[in-house]
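Take a look at the structure below.
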Amino acid sequence: MGRIVAATLTDRGFDDASQVGPLLDYIVGPVASLTGGGGAYDRSGVYAGVAPPRSDAVFSEMADTTPTQRDRHIQMIAQTGRMAWQRTSGCNKRAGVESQIARWKSVLSEALRFHSDQTQATEVAIGVAVLNCMLDLGCPNSVRVA
């Protein structure tokens, strides 16, 4: 839990959501959930049950006839409020992703040091390996006894 399993860099012309498919190609086996930071992943093409609709989210054109999961989440937020929806939907997992981003920035740096695409990609790969190693060393291995 909390490990970074795939990472990529995007050019200025691409948004984060466009990279979800290529990142998922790195994952071996089924994906239980997709959690991303911020509102960048609130797109119909990458929407997962955990991704929170932005505060200005609107229903899809088919919400009245065949509502999507995202439409149902927007409706639930309207009916019960965002805080209640967060508790019931598991949206609070997103906070873990935000913590990982903050951990990256505090431990490694807020900005990449190198300038070429290839060296930046290497820097990110090394950073991911370092953070995952730190996580492995710092997390207890708990077993329930009773």
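Numbers for residues simply follow the sequence, beginning at 1. Heavy-atom basis, side chains included; hydrogens, waters and symmetry copies ignored.
The side chain to side chain contact (heavy atoms under 4.5 Å, CB included) search around Ala102 returns none, not counting sequence neighbours. Residues satisfying the side chain to side chain contact (heavy atoms under 4.5 Å, CB included) criterion with Thr122, sequence neighbours excluded, are Ile126. When the side chain to side chain contact (heavy atoms under 4.5 Å, CB included) test is applied to Val107, the partners found at least two apart in sequence or on another chain are Arg103, Leu131, Met134. Checked against side chain to side chain donor-acceptor pair (under 3.5 Å), Ser106 has no partners two or more places apart in sequence or in another chain. Partners of Ser109 under the side chain to side chain donor-acceptor pair (under 3.5 Å) rule, at least two apart in sequence or in another chain, do not exist in this structure. In this structure, the side chain to side chain contact (heavy atoms under 4.5 Å, CB included) partners of Thr65, at least two apart in sequence or on a different chain, are Met62. With sequence neighbours excluded, no residue satisfies side chain to side chain donor-acceptor pair (under 3.5 Å) with Asn132.
The shortest non-hydrogen separation linking Leu108 to Gly127 is CD1-CA, 3.5 Å. Among all heavy-atom pairs drawn from Gln120 and Phe114, the shortest one is NE2-O, 2.8 Å.
Using modelled atom types, no side-chain atom of Thr80 and backbone atom of Ile77 make a donor-acceptor pair closer than 3.5 Å.
Legend: salt bridge (charged side-chain N to carboxylate O under 4.0 Å, His left out) pairs involving residues 119-134, not counting sequence neighbours, sorted by first then second residue: Arg113-Glu123. Among pairs with a residue in residues 57-69, none fulfils salt bridge (charged side-chain N to carboxylate O under 4.0 Å, His left out), at least two apart in sequence or across chains. Within the structure, salt bridge (charged side-chain N to carboxylate O under 4.0 Å, His left out) contacts touching residues 136-146 (residues at least two apart or in different chains) are Arg3-Asp136.
Within the 4.5 Å cutoff, the side chain of Leu9 has heavy atoms near those of the Leu112 side chain.
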